[in-house]
Amino acid sequence: MSAATVVVTGLGVASPTGLGTREHWTATLEGRSGIGRLTRFDPSGYPAKLAGEITGFSAEEHLPGRLIPQTDRMTRLALAAADWALADAGVRPDTLASFDMGVVTASASGGFEFGQNELRKLWSQGSQYVSAYQSFAWFYAVNSGQISIRNGMKGPSGVVVSDQAGGLDAVAQARRQIRKGTRLVVSGGVDASLCPWGWVAQLAGGRLSTSEDPARAYLPFDRDACGYVPGEGGAILILEAAEAARARGARSYGEIAGYGATFDPRPGSGRPPGLRKAVELALADAGAQPADVDVVFADAAGDPDLDRAEADALVQVFGAHGVPVSGPKTMTGRLYSGAAPLDLATALLALRDGIVPATVNVKLSPEYDIDLVVDRPRRLGLRTALVLARGHGGFNSAVVLRAPAPH
């Protein structure tokens, strides 16, 4: 018995490039960056001062008032994105059996801003001033929990924590649950830790860009690459079995056709990084050859060593300049667990419209033998896309997307 084909029927985007799929896609194609000086707190005392921030989001416009004091900013964004994704898919959860719906999201930091505010109360005022909601609002699994509660989803659920790679790992886990018989799974990831506590934690990693020029701060595959810019947001996706989606007349953005994940070896071991193997596993899972891939959405770390490792992996699999490569993260920053789901959403829109977004602001260094799409979007006939993600600690993940068959 062959495994079920799993497709994406709904997208919900909350990104520095826009709220909602249409706003995000329009800004992405126009090359409008959401990166600028931090406004959620004063960054003047920190070496890094830029971020990809979401503007114009008012939680009170999207969520019931009772949820506001219970939730961190990341959860409010995730709940809104889940609502948008379900509406986009034409799904009313109250019409489906609760145990036929699951939620699998990714998380990298949890509710840092909520946690910081409550710890400040603890230290300055005393324990009696700490919100009871601190017990779960900071937690890695809170987005999955709140989405499932809000929508009455009691099927297989969970959270995946593997930093930036987690967004792809969560979608792969959602695909497994659908192949086991779950009717529908809400998946993806949203992160938002642009607060002093979260900022210091990110600075400790040593890879944040300290440039104060938004146009030259995050430059993957550029000779002037000097680290990455953090951001907030992500995307929520609705996954269903293709047969079930067809039966209810749903539109499919595309198929989650293949997945592969590896770990890098211990530093200093002399063994090669694991990204190439993750790509090969994903292609094999999809029954695809390198020549079938029409575009790669790169991890695009913005760190010279990591950029070199990714470029080498792409050349080893596809050959020099063998496939168009896009890094739209240069418009949003790296969104941690939300980055890869946003790349999945962007890749699905690229497949739909036959256009590859540009990697804005970047001047490709001649040391990298890749076909990086820069300056302006590139129109192509797109059938298959590969999305890559890597997480701190050596996580590598790859997902192959396949466009719907033409009617």
Side-chain angles (χ1 to χ4, degrees), residues 1-12 21 85-86 88-91 93 96-97 99-106 153 155-158 160 167-189 235-261 278-297 340-341 343-354 381-389 397-407:
M1 182 176 177
S2 61
T5 298
V6 176
V7 297
V8 177
T9 56
L11 299 175
T21 303
L86 288 164
D88 187 42
V91 170
L96 300 177
F99 287 96
D100 285 344
M101 300 178 288
V103 185
V104 181
T105 66
M153 297 173 171
S157 299
V160 179
L168 298 187
D169 299 335
V171 168
Q173 176 65 7
R175 183 177 71 152
R176 291 188 193 104
Q177 296 300 341
I178 289 172
R179 286 179 167 178
K180 291 179 180 178
T182 303
R183 168 71 181 77
L184 174 150
V185 179
V186 178
S187 193
I236 299 295
L237 293 75
I238 307 302
L239 275 63
E240 302 180 66
E243 186 176 346
R246 279 194 300 271
R248 69 178 186 86
R251 167 212 50 216
S252 166
Y253 282 100
E255 175 192 353
I256 307 297
Y259 165 73
V279 171
E280 292 170 343
L281 289 170
L283 290 172
D285 186 36
Q289 298 298 318
D292 297 326
V293 175
D294 302 306
V295 61
V296 173
F297 283 76
D343 275 352
L344 287 174
T346 305
L348 288 164
L349 295 169
L351 292 176
R352 182 194 69 184
D353 293 348
L382 301 177
R383 173 69 184 156
T384 302
L386 174 70
V387 178
L388 304 180
S397 295
V399 162
V400 174
L401 300 172
R402 188 172 286 131
H407 295 296

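Heavy atoms only: backbone and side chains are in, while hydrogens, waters and symmetry mates are out.
- Nearest heavy atoms, Gly189 versus Pro341: N-CG, 3.4 Å.
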- Message: Apply side-chain contact (heavy atoms from CB on, under 4.5 Å) to residues Val400 and Val293 and explain how you reach the verdict.
- Response: CA-CA 8 Å; Val400 174; Val293 175; 5.6 Å; no

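- Considering all non-hydrogen atoms of both residues, Leu382 and Ala403 come closest at O-CB, 4.4 Å.
- Counting heavy atoms from C-beta outward, Pro93 and Met101 have side chains that approach closer than 4.5 Å.
- Rounding to the nearest 0.5 angstrom, the gap separating the CG atom in Leu344 from the CG atom in Leu168 is 5.0 Å.
- The closest side-chain heavy-atom distance from Gln177 to Leu239 is not below 4.5 Å.
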- Item | Trace of the side-chain contact (heavy atoms from CB on, under 4.5 Å) decision for Arg402 with Leu351 | CA-CA 8 Å; Arg402 188 172 286 131; Leu351 292 176; over 6 Å; no

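- For residues 284-295, the salt bridge (Lys or Arg N to Asp or Glu O under 4.0 Å) pairs, not counting sequence neighbours, are Arg175-Asp285.
- No side-chain heavy atom of Arg183 sits less than 4.5 Å from a side-chain heavy atom of Val91.
- Listed here is the closest heavy atom pair of Ser397 and Ala261: OG-CB, 3.9 Å.
- Side-chain contact check for Val8 versus Ile238: every heavy-atom pair is 4.5 Å or farther apart.
- A distance of 3.5 Å separates CD in Glu240 from OG1 in Thr9, rounded to the nearest 0.5 Å.
- Annotation: the span from Arg383 atom CZ to Leu401 atom CG amounts to 11.5 Å, rounded to 0.5 Å.
- For Arg352, there are no salt bridge (Lys or Arg N to Asp or Glu O under 4.0 Å) partners, not counting sequence neighbours.
- Within the 4.5 Å cutoff, no side-chain heavy atoms of Thr182 are placed close to those of Asp100.
- Once rounded to the nearest 0.5 Å, the distance linking OG1 of Thr5 with CD1 of Ile178 reads 11.5 Å.
- The two residues Val387 and Ala340 come nearest to each other via the heavy atoms CG1-O, 4.4 Å.
- Note that CG of Asp88 is 3.5 Å distant from OH of Tyr253, once rounded to the nearest 0.5 Å.
- Closest heavy-atom contact between Phe99 and Pro156: O-CD, 4.5 Å.
- Listed here is the closest heavy atom pair of Gly188 and Val171: N-CG2, 4.2 Å.
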